Peer 1: 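What follows is a single structure, and I will ask about it in a moment.
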2 protein chains.
Amino acid sequence: MIETLIRKLERRDTLADFERRALVEAVGEVREYRPHEIVVRERTEQHNSHLLLEGYLCRYKDLRDGRRQIVALHVPGDFADLHSFLLKHLEHNLAALTPVRIAVFPHERLRTISERWPHLTRMLWFSTLLDAAIHRQWILSIGRRSAVGRIAHLFCELRARLEVVGLASEERYALPLTQIDIADATGLTPVHVNRMLRELRDRGLLEFRGGEVIITDNAGLARLAEFDPGYLYLQKQPR
Amino acid sequence: MIETLIRKLERRDTLADFERRALVEAVGEVREYRPHEIVVRERTEQHNSHLLLEGYLCRYKDLRDGRRQIVALHVPGDFADLHSFLLKHLEHNLAALTPVRIAVFPHERLRTISERWPHLTRMLWFSTLLDAAIHRQWILSIGRRSAVGRIAHLFCELRARLEVVGLASEERYALPLTQIDIADATGLTPVHVNRMLRELRDRGLLEFRGGEVIITDNAGLARLAEFDPGYLYLQKQPR
DNA sequence: CGGCGTCTTGAGAAAACTCAACTTCCGTGG
DNA sequence: CCACGGAAGTTGAGTTTTCTCAAGACGCCG
């Protein structure tokens, strides 16, 4: 059930049998949520962390005037709010963008792992460091890239992350988000996202429709986005 | 020598004597760097992490056309690249913005800590989660706030972070950065930063000159910035 | 079939950027 | 002690990018 997580971690370092077992034993119940449902509300004490099994989750923050910024998108295999294990509450909401299936990990069991299994602990720590590396890439994107560049980069990143867990081929993957979601993730307005998507289509780089991304010119897209997957730390090495 | 780190951690949870001792024993040499010197270069294998003792460090990424984005600013007490302990290399540069003093921690000794001291390990993990929370706040700022709002928020954040380690009073702190640095951190151009600083001054909120920030209207500044320090997780609790 | 959320397009406005010139500040060397 | 040079800061004018507002089309669910 937690194969995607295992797959994501084993892409970066080998796990021992007992470590895989420890992870499996740490799983509590499995829950499902509908689009727009909030999985974890900001500023409320947490006793569980959530592993995304299926669908898309996002973390977002609101501004007083109602504008919203998605600060992270999560794909299956992501331990979306593992950081609440030590932060104890979140400063943002965690919500479903599509129908999702989620595995719940009680903090108490994560604590046991952290007391008993140093290497597995480092791997979990690593996975939160990966989140941070992705955050930094988003800061660069939003801070310095043009609107098309940002969107192109996001689609490249999602392809790479989904590929790790076997959910994307070289040229396509499912992404049942709205243009509004893309706008909130890239710091743009929905109207402008719409125009930029048209531009990407007109340039023959990709199509985003019907909840699917079809990359028609991978090299051209990566060039436009200045995409380099180095920040996803895909090398397998002792950690 | 590592009092600022201790202070930062103990603000969030109690450390036992043996934990403080373990940290002290993990310190290697102390180094100094001049402004603009690179402490850690991207994509090079790392065997040490660096704790900032004095001065300001930044992490930045470059785009092909030469534009730069600072993805993190570090104040004394920050374990600037603790994440290289598990990432093994960085996807950005770590550089001095001012003259800095830095304590070097060999990864080997951090590994020993992670094998022996679960709670101290969690505290170090926590400190990297704090970095990520700050990254998320920057994503919100850069993605959705106006230029003045972004700058105002940055100055609020730095005040709060410096106060933790005793380097800021209610209304002032040393910040010997250039307007160019502020521009790179906020995703703006230096020219626009200059105009926005004038606006902040004209509105009687703060002055930034001579390497010092003087907050003349804390409440007004926080209101403009929509600043809420919740994301800095300043509560002391078991972690 | 109706209604609502999303997508699309146009037109005009606002925010931030670019370019350029000039000033100020500071450190260095004559 | 002063002159010089370079980096940083300041200001103006014009441009570009992105946003706002608004209207209409599309598509899916009840």
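Scope of the values below: all heavy atoms of this structure, side chains included, with no hydrogens, waters or symmetry mates. Not measured: the values here are computed from a predicted model. Naming: A, B, ... by sequence-line order, numbering from 1 per chain.
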Peer 1: From CZ of A/R145 over to C1' of C/dC17, roughly how many Å is that when rounded to an integer?
Peer 2: 19 Å
Peer 1: Take B/F79 and B/T128 through the test side chain to side chain contact (heavy atoms under 4.5 Å, CB included) and record every step on the way to the result.
Peer 2: CA-CA 8 Å; B/F79 223 136; B/T128 64; over 6 Å; no
Peer 1: Give, ordered by number, those residues of residues 176-189 of chain B having at least one heavy-atom distance below 4.0 Å to an atom of DNA chain D; if nothing qualifies, reply none.
Peer 2: B/T178, B/Q179, B/I180
Peer 1: What I want to find out is whether B/E199 reaches B/R195 closely enough, with some N-O distance under 4.0 Å, to be called a salt bridge.
Peer 2: no
Peer 1: Examine D/dG9: is either OP1 or OP2 under 4.0 Å from a nitrogen or oxygen in the side chain of B/N194? Give yes or no.
Peer 2: no
Peer 1: Which whole-number value in Å describes the distance from A/I142 CD1 to D/dC19 P?
Peer 2: 12 Å
Peer 1: Nearest to the B/H192 side chain among D/dT18, C/dC17, C/dT8, which nucleotide is it?
Peer 2: C/dC17
Peer 1: Starting at NE2 of B/H36 and ending at P of D/dG6, how long is that distance when rounded to a whole Å?
Peer 2: 17 Å
Peer 1: Does the ring centre of B/H89 sit less than 6.0 Å away from the ring centre of A/Y233?
Peer 2: yes
Peer 1: Measure from NZ or CZ of B/R159 to the centre of the six-membered ring of B/Y173 and say whether it is under 6.0 Å with the direction within 45° of the ring axis.
Peer 2: no
Peer 1: For B/E207 and D/dG9, give me the distance from atom CD to atom P, rounded to whole Å.
Peer 2: 15 Å
Peer 1: Could you state the CZ-P distance from B/R150 to C/dA16, rounded to the nearest angstrom?
Peer 2: 6 Å
Peer 1: Take the protein atom CZ of B/R198 and the nucleotide atom C1' of D/dG12, then report the distance between them rounded to whole Å.
Peer 2: 12 Å
Peer 1: Rounded to whole angstroms, how far apart are CG on A/D202 and C1' on C/dT8?
Peer 2: 13 Å
Peer 1: Has the side chain of A/R195 got a donor or acceptor that lies under 3.5 Å from a partner of the other kind on the base of D/dT20?
Peer 2: yes
Peer 1: Round to a whole Å and report the spacing from CZ of B/R201 to P of D/dT11.
Peer 2: 8 Å
Peer 1: Under a 4.0 Å N-O cut-off, is there an ion pair linking A/D228 with B/R43?
Peer 2: yes
Peer 1: Determine, for nucleotides 22-30 of chain D in 5'-to-3' order, which nucleotides have protein heavy atoms under 4.0 Å from the base (write B), from only the sugar-phosphate (write S), or from neither (write -).
Peer 2: ---------
Peer 1: If the threshold is 4.0 Å, N to carboxylate O, is there a salt bridge linking A/D78 and A/R161?
Peer 2: yes
Peer 1: Would you mind checking if B/K88 and B/E45 are paired as a salt bridge, meaning a charged N to carboxylate O distance below 4.0 Å?
Peer 2: no
Peer 1: Could you tell me whether A/R67 and A/D184 have a side-chain N and a carboxylate O separated by less than 4.0 Å?
Peer 2: no
Peer 1: For A/E29, is there an ion pair with A/R31 - N to carboxylate O distance below 4.0 angstrom?
Peer 2: yes
